[in-house]
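Structure record follows, encoded as structure tokens.
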Amino acid sequence: MKKLVILLSGLLFFASIIILPSCNSEEVTVGILVVKVIDADGNPLANELLMLASSYENLKAANYTGSKWTDQDGEVLFMDLTPGYYWYDTEHWEDWGAVQTYAGIEIFVTLQVNTPQP
């Protein structure tokens, strides 16, 4: 009986060594960015086009990584971003911002706009 318990314990141990590492999910390689656009009074700006670029130069040259419209809460969600620095700007305001994204992390930022474009 003692041998059977030792044999079963050994089999369970080796089975767990083989099975458990294969249960790991793939490593996350992308991040998520949520940008909330608000006015000077803190009110969310709905239906505002937000552009995202990989550098300030690309932002000013209109070479965007992506662009989306804000929802009723003034928020935009960018999924599957490669980790790195991103610059964001709106269509009708001169204010802009920058953020660094990380793999597997959801980043929340707020852009308070004050200066309308002429």
Audit row: N63, E57, side chain to side chain contact (heavy atoms under 4.5 Å, CB included) steps and yes/no: CA-CA 8 Å; N63 184 12; E57 292 77 21; over 6 Å; no
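The heavy-atom pair separating P83 from T29 by the smallest distance is CD-O, 3.3 Å. When every heavy atom of W93 is checked against every heavy atom of D89, the shortest pair comes out as O-OD1, 3.4 Å. For the residue pair N58 and S55, the shortest heavy atom distance occurs at N-OG, 3.0 Å. Nearest approach of L59 to Y64, heavy atoms of both residues: O-CE2, 3.7 Å. Nearest heavy-atom pair across A40 and Q112 is O-NE2, 3.0 Å. Closest approach of T70 and V37 over heavy atoms only: CG2-CG2, 3.9 Å.
At a threshold of 4.5 Å between non-hydrogen side-chain atoms, the residues P44 and K36 count as touching. In this structure the side chain of T90 never reaches within 4.5 angstrom of the side chain of D95, judged on heavy atoms.
Side-chain atoms of D71 come within 3.5 Å of backbone atoms of D73 as a donor-acceptor pair (strictly under, hydrogens ignored). Between the side chain of T101 and the main chain of G84, a donor-acceptor pair closer than 3.5 Å is present.
Note that the CH2 atom of W87 and the NZ atom of K60 stand 12.5 Å from one another [nearest 0.5 Å]. Atom CD1 of I32 sits about 8.5 Å away from atom CZ of F108, to the nearest 0.5 Å. Annotation: the span from N47 atom CG to H92 atom NE2 amounts to 10.5 Å, rounded to 0.5 Å. The OG atom of S54 sits 7.5 Å away from atom OH of Y86, with the distance rounded to the nearest 0.5 Å. Atom CG of D80 is separated from atom CG of L33 by 12.5 Å, given to the nearest 0.5 angstrom.
A continuous path of ILVMFWY side-chain contacts below 4.5 Å connects M79 to V34, so both sit in one hydrophobic cluster. Under a hydrophobic-cluster definition in which Ile, Leu, Val, Met, Phe, Trp and Tyr are linked whenever side-chain heavy atoms come within less than 4.5 Å, directly or via other members, L52 and W96 are assigned to different clusters. Hydrophobic clustering (side-chain heavy atoms under 4.5 Å, transitive across Ile, Leu, Val, Met, Phe, Trp, Tyr) keeps L77 apart from Y88. The hydrophobic clustering, which links ILVMFWY residues whose side-chain heavy atoms are closer than 4.5 Å, places L50 and V113 together. Both L81 and V99 belong to a single network of hydrophobic side chains, linked directly or stepwise wherever heavy atoms of I, L, V, M, F, W or Y lie under 4.5 Å apart.
By the salt bridge (Lys or Arg N to Asp or Glu O under 4.0 Å) test, K68 is found to be paired with no residue, residues two or more places apart in sequence or in another chain being considered.
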